[in-house]
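Values in this document were obtained by computation on a predicted structure and should not be read as measured data.
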Amino acid sequence: MGYDKVTVPENGEKIRFVDGKMIVPDNPILTFIEGDGIGYDIMTASKRIWDAAIDKAYHGQRRVAWMEIYCGEKAASVYDGNYMPEETFDALREFKVGIKGPLTTPVGGGFRSLNVTLRQVLDLYQCIRPVRYYNGVPSPLKNPQEIDIVIFRENTEDIYAGIEFEAGTPEQAKLEKFLREEMGATGFVPGSGLGIKPISEFGSKRLIRAAIRYAIDRKRKSVTLVHKGNIQKFTEGAFQRWGYELAATEFPEQTISWAEVEKHHGGKVPEGKVLIQDTIADIMFQKMLLRPSEHDVIATTNLNGDYLSDAIAAEVGGVGIAPGANVGDEVALFEATHGTAPKYTNLDKVNPGSLLFSGVMMLEHIGWFEAADLITRAYERTIERKIVTYDFARQMEGAREVRTSEFATAVIDNMSA
């Protein structure tokens, strides 16, 4: 496929899928979107670290051919005001794997959110957010090392489908009339803004299927279905029910429900089985503070996952080091989970951790675990030696505050420690 503004590197090969299996060459073309605000600083630093780890792990036998594509403010400057050019979607579909910095959504008309648009247009239905503690990172918890959670958040349904009608509009009045007169729904104030929350069996099951497969492949101990089914019985409650149905029908040999554990195994999960359990969403927040080690992989609806992923990240260092990925059946787009922080633009100041670890997820996704592990270990050594950016320096005694670029150098140096 030809591109107008995108340059395809000549020294790389495409990632392909054959019979549903990803085929990764030793020189894959990986796309990247620099991002707005602090995007340049953190992307530049992170790419240095990823490349250094790949070179050290594979001694030059593997390397990434980076291909820049555009979205957000940089896209607008390249494509005459277009924040979301069509060839960005085309490139992601063709090259399969990419990573992006934080994006600014234009104020006023146009896209509701560039991030949401990317997810919906490319059907990236899995939002995957690992949250774990790294030694030395400041935390408000007494035992933050107990947190090692992977959240699978459904990415395309729920309130993020964007189906809502503003109070005072003809569309709202029409829907309100239908709800009251045709459906008998009277439990809301006349003239209310109205939103519709779609949750489907198809969308729920494909997300939960991905979470269970991840748990099996990574030898995780449990998958918890987080929902508000005690109140929203036909949406969130259905998500819970479909999850148990899926596990029982598609993974009967690998999974077991808590009801089965209590009934047949004396409350002890049999060796080699992944426990399928569920928890009400509000209770989950409490458990993540008091008993986080009881949970491992979480599968949940869109809004619940949005709240939970940021809240749990705050327990182990904040969204500044929280990675994330948006994954479909073939396309995977990894991302910084924080905002653009425009007041720090080009100051070489901020923590690159969120984007850095999203890149670690990307390396794991393509099967380059050795390089991914090198980065994780080097990052921990760097933090333990109290070489940190300003956000951690202000929380740590005796810390040495460094710039973004200097932090990247320290992490690279600690790969050889």
[Y] and [X], any side-chain heavy atoms less than 4.5 Å apart:
| X | Y | result |
| --- | --- | --- |
| Thr300 | Met284 | no |
| His338 | Val350 | no |
| Val261 | Lys268 | no |
| Tyr134 | Thr382 | no |
| Phe251 | Val274 | no |
| Leu289 | Leu141 | yes |
| Phe392 | Lys386 | no |
| Ile298 | Arg129 | no |

query = Taking the six-membered ring for Trp, are Phe95 and Tyr3 parallel (under 30°), tilted (30 to 60°) or perpendicular (over 60°)?
reply =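 Rings of Phe95 and Tyr3: tilted, as their planes differ by 30° to 60°.
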Is it the case that over 12 heavy atoms from other parts of the model lie below 6.0 angstrom from the [atom1] atom of [X]?
| X | atom1 | result |
| --- | --- | --- |
| Phe17 | CZ | yes |
| Arg16 | CZ | no |
| Arg403 | CZ | no |
| Arg62 | CZ | yes |
| Tyr390 | OH | yes |
| Tyr79 | OH | yes |

So how far is it from [X] [atom1] to [Y] [atom2], rounded to the nearest 0.5 Å?
| X | Y | atom1 | atom2 | result |
| --- | --- | --- | --- | --- |
| Ser309 | Ile149 | OG | CD1 | 12.5 Å |
| Phe152 | Leu225 | CZ | CG | 13.0 Å |
| Thr31 | Trp66 | OG1 | CH2 | 9.0 Å |
| Glu245 | Gln240 | CD | CD | 10.0 Å |
| Ile312 | Arg132 | CD1 | CZ | 15.0 Å |
| Leu92 | Asn326 | CG | CG | 11.0 Å |

ask   = Glu330 and salt bridge (charged side-chain N to carboxylate O under 4.0 Å, His left out): which partner among Lys96, Arg93, Lys14?
value =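 Exactly one candidate clears the test, Lys96.
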Grab the two heavy atoms, one from [X] and one from [Y], that are nearest each other, plus how far apart they are.
| X | Y | answer |
| --- | --- | --- |
| Gly39 | Pro102 | CA-CD, 4.2 Å |
| Ala299 | Val223 | CB-CG1, 4.3 Å |
| Ile42 | Pro352 | CG2-CA, 3.8 Å |
| Pro323 | Met361 | CB-SD, 3.8 Å |
| Phe165 | Glu171 | CD2-CB, 3.7 Å |
| Ala399 | Val388 | CB-CG2, 3.8 Å |

Please check: side-chain N/O of [X] versus main-chain N/O of [Y], any donor-acceptor pairing under 3.5 Å?
| X | Y | value |
| --- | --- | --- |
| Asp348 | Ser405 | yes |
| Gln172 | Ser192 | yes |
| Thr345 | Pro342 | yes |
| Glu157 | Ser200 | yes |
| Tyr307 | Ala311 | no |
| Thr44 | Tyr40 | yes |
| Glu380 | Asn135 | yes |
| Ser354 | Ala322 | yes |
| Lys197 | Tyr160 | no |

Arg63/Asp51 under side-chain contact (heavy atoms from CB on, under 4.5 Å): CA gap, chis, key distance, verdict = CA-CA 7 Å; Arg63 57 174 50 87; Asp51 284 339; over 6 Å; no
Can you find a side-chain donor-acceptor pair between [X] and [Y] that sits under 3.5 Å?
| X | Y | answer |
| --- | --- | --- |
| Tyr244 | Asp278 | yes |
| Asp36 | Thr340 | no |
| Ser257 | Glu260 | yes |
| Thr224 | Gln277 | yes |
| Arg153 | Asn302 | yes |
| Asp329 | Tyr125 | yes |
| Glu335 | Thr337 | no |

Check this for me, if you would: do [X] and [Y] make a salt bridge, where the nitrogen-to-carboxylate-oxygen distance has to be below 4.0 angstrom?
| X | Y | result |
| --- | --- | --- |
| Lys74 | Glu68 | yes |
| Arg385 | Asp413 | no |
| Arg220 | Asp148 | yes |

ask   = Can the positive tip of Lys5 be found less than 6.0 Å from the middle of the six-membered ring of Tyr70, inside 45° of the ring normal?
value =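 No, a cation-pi geometry is absent between Lys5 and Tyr70.
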side-chain contact (heavy atoms from CB on, under 4.5 Å) between Lys100 and Leu118, worked out = CA-CA 11 Å; Lys100 71 176 186 65; Leu118 282 163; 4.0 Å; yes
request  = Quick one: do Glu315 and Tyr133 satisfy side-chain contact (heavy atoms from CB on, under 4.5 Å)? Show the steps, please.
outcome  = CA-CA 8 Å; Glu315 298 175 7; Tyr133 179 67; over 6 Å; no
task = Could you walk me through whether Met43 and Leu355 pass the side-chain contact (heavy atoms from CB on, under 4.5 Å) test, one step at a time?
result = CA-CA 7 Å; Met43 184 64 75; Leu355 186 66; 3.9 Å; yes
query = Can the ring centroids of Tyr379 and Phe407 be said to lie less than 6.0 angstrom from one another?
reply =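 Under 6.0 Å, so yes.
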